[in-house]
Amino acid sequence: MTLPTLDTQDMLDFLAQLLNTPSPTGFTEKAIGLCEEFLSQWPELSLSRTNKGALVVKVPGVSDGPWRALTAHVDTLGAMVKDIKSNGRLKLTKLGGFAWNTVEGEGVTVFKRDGKTVRGTILLNKASSHVHGADVNKTERNDDTMEVRLDAKTTNTKETEALGINVGDFVAFDPRVEINNDFIRSRHLDDKACVASLLFALKSIKDAGLALPATTILHISNYEEVGHGASAGIPPQVTELISVDMAAVGEGQTSDEFHATLCVKDSGGPYHYGLSQRMRGLAEQHAIPYKVDIYPYYGSDGEAFWRAGGDVAVALIGPGVDASHNYERTHIEAVKATAQWCMAYMLS
Ligand SMILES: [Zn+2]
């Protein structure tokens, strides 16, 4: 069979909308809501939330045999206010794993308890070359040397507190979404590119009027960046789980921005051999451009479910993302290949 056609422009529009919806880990309600709204166009799907806020979608299948699941995460890197400093600026604590230099100079939004926001910038505490000279270069970037300069009149702790900012407020980094020559440049393509791929794989199947052979769960995870996203929310009938997450591009890697990758091993060890081989077979059968790779510093939601005791086969696929957990970039070809691979699996 040939795979249904994918509306790539529609998928890109949705991806841009999702990227522009802030969702640092722990503060993902709006992004989950956006996915929920998208999926509610098909009344035959049953949508539910786990207690910790992930979205679980059941797509009924033709057979009543074992169920399948695919998971992708909407939560992203971000930060939380750790302390209001005596100069009125904010000290942050990281959400997820990244280096401070990758967000230096980035615009941020601080989410206050009253639902309003304050804008600002992440800067080194010795930011000005005219004041600090060589120290701007030499200072190590860490939790103590980075701060948020707020776009508000404040020079001390009291004045910042009076703005309604508190310890524990979430802070989101500007994604800076740009699409040029079919390249998508943005923060948080990990893993929003995969959420868009997964939702549009389903849309393409629905638009083509096709039914899924097996009952399939789509799990939109909201705590992946801190390691326990898909540890809950995968129903017990599921025997196979495809983790859909970005592929690591760089020196020594086979992955690139024009293919989807099957990851066979990462920091958590090897993925399931049988399911991985089936995914390769499906890619070859449908002429989906793919690579096979190993990621040296990486963990996935599939492994989170394994660690939580999930007894399922797990495989990991996703688009190549350059400069991951930094200012990321991929190409439409990789996102398209990922969506097609999800389709091929769901229809197999
Ligand atoms: Zn990810």
Side-chain angles (χ1 to χ4, degrees), residues 15 18-19 21-28 31-32 35 52-55 69-79 94-99 102-103 172-173 175 177 184-199 201 218-234 241-250 253 255 257 259-268 271 291 293-308 314-330 334-335 337-339 341-342:
L15 174 56
L18 186 59
L19 288 165
T21 306
S23 55
T25 305
F27 197 71
T28 54
I32 288 282
C35 297
K52 75 178 185 190
L55 179 64
L70 299 99
T71 185
H73 65 94
V74 289
D75 65 301
T76 71
L77 303 176
K94 291 181 199 171
L95 301 173
F98 61 93
T102 64
V103 291
F173 310 144
V177 186
I184 310 152
R185 167 151 58 82
S186 178
R187 289 188 188 279
H188 316 319
L189 289 170
D190 171 14
D191 189 28
K192 291 178 171 176
C194 295
V195 174
S197 301
L198 192 51
L199 297 192
L218 304 189
H219 177 276
I220 309 299
S221 173
N222 65 332
Y223 276 96
E224 192 277 345
E225 291 294 358
V226 293
H228 62 80
S231 61
I234 307 291
L241 173 63
I242 307 292
S243 208
V244 190
D245 209 335
M246 53 135 283
V249 171
Q253 299 299 112
S255 303
E257 295 166 273
H259 293 75
T261 298
L262 174 81
C263 175
V264 289
K265 176 183 181 286
D266 63 19
S267 310
Y271 284 88
K291 302 271 188 181
D293 210 351
I294 291 168
Y295 310 150
Y297 305 102
Y298 194 102
S300 76
D301 250 345
E303 288 163 338
F305 187 53
W306 265 349
R307 290 214 173 78
V314 177
L316 170 62
I317 62 166
V321 169
D322 187 67
S324 51
H325 283 200
N326 199 324
Y327 191 20
E328 300 170 342
R329 195 185 71 170
T330 190
V335 185
T338 303
W341 215 347
C342 291

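For reference, positions follow the sequence shown, starting with 1. Read the numbers this way: they start at 1 and go in the same order the structure lists the ligands and their atoms.
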Is the closest side-chain heavy-atom distance between [X] and [Y] below 4.5 Å?
X    : Y    : value
T25  : Y223 : yes
F27  : P22  : no
I294 : V264 : yes

**Message:** With respect to the Zn ion (ligand 1), please indicate if D245 possesses an N, O or S atom at a distance under 2.8 Å.
**Reply:** yes
**Complete:** The atom of D190 among N, O or S that is nearest the Zn ion (ligand 1) is OD1
**Item:** Closest H73 atom to the Zn ion (ligand 1) [N, O or S only]
**Value:** NE2
**Complete:** All heavy atoms of T21 vs all of A31, minimum pair found to be CG2-N, 3.8 Å
